[in-house]
Amino acid sequence: MHVFVARHQTPVLLIVLLGAAVAISEVGGLDALQVTLVEMLIRVLVVVGLYVFIGNSGVISFGQVGFMCIGAYAAGWATAEPSFKQVMLQGLPELLQENQFSFPLAMAGAILLPAIVALLFGFAILRLNGIAASIATFAFLIIVNSIYSNWDSVTAGVSSLIGIPTPVGPWVALAFAAGGILVAHLFQMSRYGLLLRATREDGVAAKASGVHSVRMRLLAFVLSAALVGAGGGLYAQFLGILTVDTFYLSLSFITIAMLVVGGMGSLTGAVAGVIAVTVIVQLLRFGERGFPVGSALFKLPVGSGELGLGLLLALILIFRPNGLSGGKELALIRGPREMMPEGGAVAGARALQDDSNAVA
Amino acid sequence: MIGFLQHLIDALALGSIYALTALGIGLLFGILRLINFAHGDLITVGAYALIVPAADVTARLMIGSWTPAAVVVAISMIVVVAALLTDAAVFRPLRTASPPTLMIASFAVSYIIQNGILMFYGARPKAVDFWSGANVQITIGALRVPLLQLITLAVTLVLMAALTVFLRRTPQGVQMRAAAEDFRMAQYLGVRGNVVIGLAFAISGVLAAAVSMLYITQSGSLTFQMGVPLALFAFVAVVIGGMGSLAGAVAGGFLLGFIVTMLQAYLPPDLRAFRDAFAFAFVILVLLVRPSGLLPSRTTVERV
């Protein structure tokens, strides 16, 4: 029992923490914060999705936001007003054009479609290593953006996809974020997660021990795409309106910044990064609106939020390459050593430090 | 036939811009293994340095109204200083970091520059009338060629020749090539790492400044993200040509200019919009089929 608790305490603690934030804002009637809170929870799901692949495999992907785009549009296609779809999205299959599907079905689409795309795309590129794999994922993001912004009859192109019902509130977002955290945790505790981390630590040794690294990476890539896609589906049904450029370089930058700030070596890092970046950017935004100092109104210039985020990321990369969490997991009870997810700190360091063997 | 020749000249001019940008990115990659995504934003810096800081829609020229020679010197110096600053502030403390980490860091630099410009100049695109006299058309036989395209091509050839002479004939250039070959070994043999890297950043700054002046003369409009697409395409050129190889970067730039122009000209109209998707799908294809590019450099082969 003790071992079981020690083993699975991290996701529970993280979920309780996020749940407390939602409960406080609901009870305290902090409606002004609600939008920020829901957005933060959706980003928790997305960044945890990023972590499943990047954290465990050590391969940095710049393209996961592309899966968010695919998931968001899948949900949009399923739930947007049929009258809108029949006029604007005539390239869609009739089944989608004429019906308006329920929230669970839309979410299923937002999870499945990105997962299928990830399976096909990952199958092609995951045998690449290091920087080549990163570049390929980056190219993937640009391809997705280019296709979705120009395929007018299916995505409404550069104009927006509108008329999506918005059933997503704080509790729904919390439920999905919690689900994402649990899935990520179970994956990293599973033998597949362990095998994948072995390939990250030492690719050659892992291969020599019979680990099929491409297969393990593919599994994590598909799982990651499913989680990130679910994040996209939630986002679509939270905003009620979709534009393609929402899911491009800027969001890719922000989500990776969150993961790096928190520390890509641990699940706790992924969640902590989202919370830390959201709080800091939000404080700077308040500063942009101005606050009184004595009798004068002190205002930060517009754009401080973004500038602050860029500086924060640069500082973290330079001074704390393992992120705020340092690659450790949140824990109250110490379990027997071998039961803890091993080597988190080392792993984070590996992902970020010079691997002079990789490119000699 | 005339139509094809016309497209070919367009392709050469576009390819020149890509080649110059790709050279700036390729140079740093060769030495530092840094994919400098912020290179595009250095081009933006050069372009915005021409005008008075203000949020007006129509920009007033400041440096841009000086004599051409003074403009070239001033803009080059500003961009070189900006490039050196990015090195000193961010990339130098990250000398031992892995290539993907450096790439993330360059994203941060890019984000900082873009939002810095946004703060001072505002988000709206600005029309700017800079050296618009260069846009006249001149007739060669049955061809009508914008003078600017010829200037672009000439500037590119001159800069490439100058860079080649620098790399082959001067001690600094030889050191730089040695550092690109094997950075650690070069250091053991007395090459000063930070000097070589600083020099590489300075050269990439000069190249970025040249691109910004050529590009602004042609497009006549400024936005705070104008450098991003240039950097993206140059990045493609670098990968196609072979990362770490400068000749590869140039060849990749011209090839990409050719592909993009011809896709634009001869693709059926329905598919024309997906030009960028084709270009980047080509990148993935190159990575899969020929990971070291068309003109591979000997030094980027991955070893166990």
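As a basis for the values below, the full set of heavy atoms in this structure was taken, side chains included, without hydrogen atoms, waters or symmetry mates. Because the structure is a prediction, the values reported are computed rather than measured. Numbered from 1 within each chain, the chains take letters A, B, ... in sequence-line order.
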Per-residue contact mode, [X] against chain B (heavy atom under 4.5 angstrom):
X       : value
I142(A) : side chain
F319(A) : neither
L312(A) : neither
L128(A) : side chain
L141(A) : neither
S149(A) : neither
A124(A) : both

Q) Closest approach of A108(B) and A314(A), non-hydrogen atoms and distance? A)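 Scanning both residues, the minimum pair turns out to be CB-N, 4.3 Å.
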Q. Do you know the tightest heavy-atom contact between A277(B) and I147(A)?
A.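 Minimum heavy-atom separation between A277(B) and I147(A): CB-CG1, 4.0 Å.
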Within-4.5 Å side-chain heavy-atom neighbours: [X] and [Y]:
X       : Y       : value
F140(A) : F280(B) : no
R127(A) : L288(B) : yes
T101(B) : V260(A) : no
F107(B) : I256(A) : no
L94(B)  : I318(A) : yes
I284(B) : F121(A) : yes
I143(A) : D276(B) : no
S146(A) : R275(B) : no

Those residues of [range], ordered by number, that approach chain A below 4.5 Å (heavy atom to heavy atom):
range                       : value
residues 259-267 of chain B : none
residues 82-91 of chain B   : A89(B), V90(B)
residues 225-237 of chain B : V228(B), L232(B), F235(B)

Q: Assess the pair F37(B) and F62(A): is the distance between their ring centroids shorter than 6.0 Å?
A: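 Centroid distance F37(B)-F62(A): not below 6.0 Å, so no.
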Q. Distance from Y111(B) atom OH to L249(A) atom CG, nearest 0.5 Å?
A. 11.0 Å
Q. Roughly how far, to the nearest 0.5 Å, is the OG atom of S134(A) from the CD1 atom of I104(B)?
A. 8.0 Å
Q | With S209(A) via side-chain contact (heavy atoms from CB on, under 4.5 Å) - residues at least two apart | A |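 For S209(A) there are no side-chain contact (heavy atoms from CB on, under 4.5 Å) partners, ignoring immediate neighbours.
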Q: Take atom CZ of R215(A) as the centre, draw a 6.0 Å sphere, and report whether it contains more than 12 heavy atoms from other residues, nucleotides or ligands.
A: no
Q.
Heavy-atom pairs under 4.5 Å with chain B - which of L313(A), I125(A), I135(A) has more of them than the others?
A. I135(A)
**Q.** Proximal component of I113(B), with respect to chain A [non-hydrogen, under 4.5 Å]
**A.**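 Neither the backbone nor the side chain of I113(B) comes within 4.5 Å of chain A.
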Q | Short side-chain to backbone donor-acceptor contact, N115(B) and E306(A), under 3.5 Å | A | no
